[in-house]
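Sharing a structure, written as structure tokens. Questions coming.
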Protein chains: 2
Amino acid sequence: MRDGSPQGTYKVQALDRAFAVLDLLGESETPLGLAQVASSLQLHKSTAHRFLMVLERHRMVERTSNGKFRLGLRLFDFGNRAIEQYDLRDRAQPHLRRLVAETEETAHLCILEAARVIYIDKIEPARSVRMITRIGASNPVHATSVGKAILAFLPEEKANDVIRRIRFERLTSRTIVTAEALHLELEKTHRRGYAIDDEELEEGLRCIAVPVLDAQRMPVAAVSISGPSFRVTAQKLPSIANHLLQCVRGICADMGYISSRSRSSSLSA
Amino acid sequence: MRDGSPQGTYKVQALDRAFAVLDLLGESETPLGLAQVASSLQLHKSTAHRFLMVLERHRMVERTSNGKFRLGLRLFDFGNRAIEQYDLRDRAQPHLRRLVAETEETAHLCILEAARVIYIDKIEPARSVRMITRIGASNPVHATSVGKAILAFLPEEKANDVIRRIRFERLTSRTIVTAEALHLELEKTHRRGYAIDDEELEEGLRCIAVPVLDAQRMPVAAVSISGPSFRVTAQKLPSIANHLLQCVRGICADMGYISSRSRSSSLSA
DNA sequence: ATAAAGCTTCTCATATGATGGGATGGGTGT
DNA sequence: ACACCCATCCCATCATATGAGAAGCTTTAT
């Protein structure tokens with residue numbers, strides 16, 4: 001009973017509804033009026049209104065000049081508090097910046113949660129076209145280089161726990177969609193020392209990632225470089241991987257993950 | 001009736017409680033157990049437990065390995081969505097970076113909400129000791145350079161609305177604690193073109209700020225440089241102000257705030 | 001080993017507190 | 001001026017959250 005938490009029991013209607021409101025506002029590109037919120041969520045006007053007023057009091061939503069609602073900055077506050085614990089982010093930034101300067105492609109810093117990877121930082125090269133990812137967003141482990149990088153260096157036990165939770169959705173023609181194929185890939189990844197996502201998440205996008213291992217050699221995060229396939233070519237992979245490894249080495253040092261005789265075996269280029 | 005919202009009416013007990021839980025976890029440095037949460041908030045164990053379970057289902061809180069609770073990464077997601085609307089932040093970053101490189105002191109980007117300024121970005125010089133501010137946090141307008149910078153360039157009307165809401169708390173011996181004194185200071189600020197906080201928020205901390213004006217010349221944000229008083233000396237202020245003005249000019253250009261014959265009058269050095 | 005204390009998880013009868021029908025009023029466009 | 005749409009507000013009803021308490025589980029003390 002210590003595994004997943006399939007039991008959807010424990011309800012507090014009001015909370016579910018409130019979060020549905022926040023979700024809705026978060027999804028919407030533009031601020032929404034009361035009526036829109038109410039009808040989208042099948043709530044009655046008065047109910048939606050009451051919720052919005054309470055949420056506004058807590059600054060979880062705010063109103064635009066024309067009276068419409070959007071997410072409030074309190075959430076921004078909470079979000080930053082939530083991420084603070086992972087001071088990994090702050091410490092990693094300078095290293096990521098150097099990495100981006102070297103490779104001229106977009107770098108991401110991710111951590112694992114359940115069976116998804118969450119983007120906790122992103123650095124883009126000045127000249128590049130913007131990527132669509134948003135910090136805070138998440139993607140499935142099985143279709144990302146960062147996901148595979150972390151999984152490949154997790155102990156069997158833990159890795160299997162995660163893999164069991166994956167819903168292998170197909171995202172492109174190359175997405176890995178079976179646990180067996182994933183296991184094979186992870187083995188290759190471990191030997192190679194870095195993970196590759198060859199258009200498995202998105203057509204035309206190639207990524208390469210390296211895990212950040214803590215003092216106990218447990219992967220706590222991963223750093224990736226992503227770019228259009230025509231720029232991130234197969235020949236360039238080893239060179240990029242080298243930059244990544246160096247970057248991660250710097251992060252580990254900064255985090256105080258003593259390298260002892262450390263990452264020589266499977267993680268040196 | 002279009003002014004403040006003093007009416008604390010509109011209650012949804014469940015929501016207030018849930019946010020109290022999040023607040024508590026956000027304040028706490030370390031993760032808390034169920035019992036701690038329940039007693040801190042005077043909730044009964046079962047109630048607190050139910051809330052935490054629901055919050056966990058929504059990933060608003062997560063559990064550490066030893067079963068304690070802390071803020072969840074869903075909040076990080078929401079926070080980033082909330083801030084996304086202000087794409088000001090993204091666009092301003094490179095300019096702030098340059099500013100920090102030039103001045104070698106910490107830069108902040110802030111916006112006004114009610115009678116407080118919210119830090120939406122912070123860039124620190126590599127060598128500096130870390131400042132204690134956290135992105136997402138807020139400070140009262142009357143005791144910050146950014147607050148005064150924005151207020152000083154707001155139309156009378158609006159500025160007074162804000163000032164009326166201020167609870168003039170004293171934070172240091174130099175804090176401005178009366179509306180009259182603040183009005184005088186704002187006038188000086190407007191003429192000068194930049195705002196100064198001379199240890200009014202915190203002993204030993206001196207800041208200087210310039211507002212970011214949109215196409216209608218309305219201040220939408222402010223950029224500041226903060227540093228220890230012994231480094232940010234009176235003589236250096238004009239020079240720093242110049243860097244700030246240049247930085248802000250860049251931001252405005254990037255945001256598409258057409259400068260027309262613009263910021264020549266009161267805001268050029 | 002065993003007991004005791006402390007904390008979490010779970011169940012259920014109760015009344016508290018959220019609900020939504022509907023009335024009111026303000027704003028906008030025709 | 002009229003009609004429409006939308007936000008705000010009120011209040012009787014009952015669905016919902018509540019909290020006392022029992023049962024598990026883990027850790028610490030004896």
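These numbers come from a predicted model, not from an experiment. Below, chains carry the letters A, B, ... as their sequence lines are ordered, and counting in each starts from 1.
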Gap between atoms CG and P, on B/L34 and D/dT26 respectively (whole Å)
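After rounding, the gap between these two atoms is 16 Å.
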What is the separation between atom CG on B/L41 and atom C1' on D/dT18, rounded to the nearest whole Å?
16 Å
Whole angstroms only, please: what is the NZ-C1' distance between A/K68 and C/dT28?
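Going from NZ in A/K68 over to C1' in C/dT28 covers 13 Å.
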Candidates C/dA18, D/dT8, C/dT8 - which lies nearest the side chain of A/M53
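Looking only at side-chain atoms, A/M53 lies closest to D/dT8.
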Taking OP1 and OP2 of C/dT19, is either one under 4.0 Å from a side-chain nitrogen or oxygen of A/R50?
yes
Whole-Å distance between C/dT8 P and B/L52 CG?
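Going from B/L52 (CG) to C/dT8 (P), I get 9 Å.
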B/N66 CG to D/dT28 P: how many Å, rounded?
12 Å
Should A/H44 be listed as having a side-chain N or O under 4.0 Å from OP1 or OP2 of C/dT19?
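So the side-chain polar atoms of A/H44 never come under 4.0 Å of the phosphate oxygens OP1 or OP2 of C/dT19.
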Write down the distance between CG (A/L15) and P (D/dT16), rounded to a whole number of angstrom.
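The answer, rounded to whole Å, is 14 Å.
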Look at the side-chain N and O atoms of A/Y10 and state whether any lies under 4.0 Å from the OP1 or OP2 oxygen of C/dC10.
yes
At less than 4.0 Å, is any side-chain N or O atom of B/R17 found next to OP1 or OP2 of D/dA17? Yes or no.
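Checking D/dA17 against B/R17, no side-chain N or O comes under 4.0 Å of OP1 or OP2.
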Which pair of non-hydrogen atoms, one from A/R74 and one from B/D23, has the smallest distance, and what is that distance?
NH2-OD1, 2.5 Å
OP1, OP2 of C/dT19 versus side-chain N and O of A/T47: anything below 4.0 Å?
no
State which of D/dC9, C/dA18, C/dT9 makes the closest approach to the side chain of B/Q13.
C/dA18
Is A/H49 close enough to D/dC9 that one of its side-chain N or O atoms is under 4.0 Å from OP1 or OP2 there?
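For A/H49, the contact criterion (side-chain N or O under 4.0 Å from OP1 or OP2 of D/dC9) is not met.
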Would you sort out whether B/V162 and B/I150 count as a side-chain contact (heavy atoms from CB on, under 4.5 Å), showing the intermediate values?
CA-CA 11 Å; B/V162 175; B/I150 294 175; over 6 Å; no
Taking any heavy-atom pair under 4.0 Å as a contact, classify A/F51: base, sugar-phosphate, or nothing.
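If one applies the 4.0 Å heavy-atom cut-off, A/F51 turns out to touch the sugar-phosphate alone, with no base involved.
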Donor-acceptor pair under 3.5 Å: do we get one between A/K11's side chain and the base of D/dT16?
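Under the 3.5 Å cut-off, the side chain and the base do not form any donor-acceptor pair.
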To the nearest angstrom, how far is B/R63 atom CZ from C/dT8 atom C1'?
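Rounding to the nearest Å, CZ of B/R63 and C1' of C/dT8 are 8 Å apart.
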A/D77 bridged to A/R81 by N-O distance under 4.0 Å
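A salt bridge links A/D77 with A/R81.
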Please report the C-alpha distance between B/F76 and A/I120 in whole Å, then the side-chain angles of each, then the deciding distance to 0.1 Å, and finally whether the side-chain contact (heavy atoms from CB on, under 4.5 Å) criterion is met.
CA-CA 8 Å; B/F76 184 61; A/I120 65 173; 4.2 Å; yes
Which residue lies toward the 5' end of DNA chain D, A/A14 or A/F69, if each is placed at its nearest nucleotide?
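On the 5' side of the pair lies A/F69.
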side-chain contact (heavy atoms from CB on, under 4.5 Å) between B/L15 and A/F51: does it pass, once the steps are laid out?
CA-CA 9 Å; B/L15 274 189; A/F51 273 95; 3.6 Å; yes
Rounded to whole angstrom units, what separation is found between the CG atom of B/L43 and the P atom of D/dT18?
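Interatomic distance, CG of B/L43 to P of D/dT18: 8 Å.
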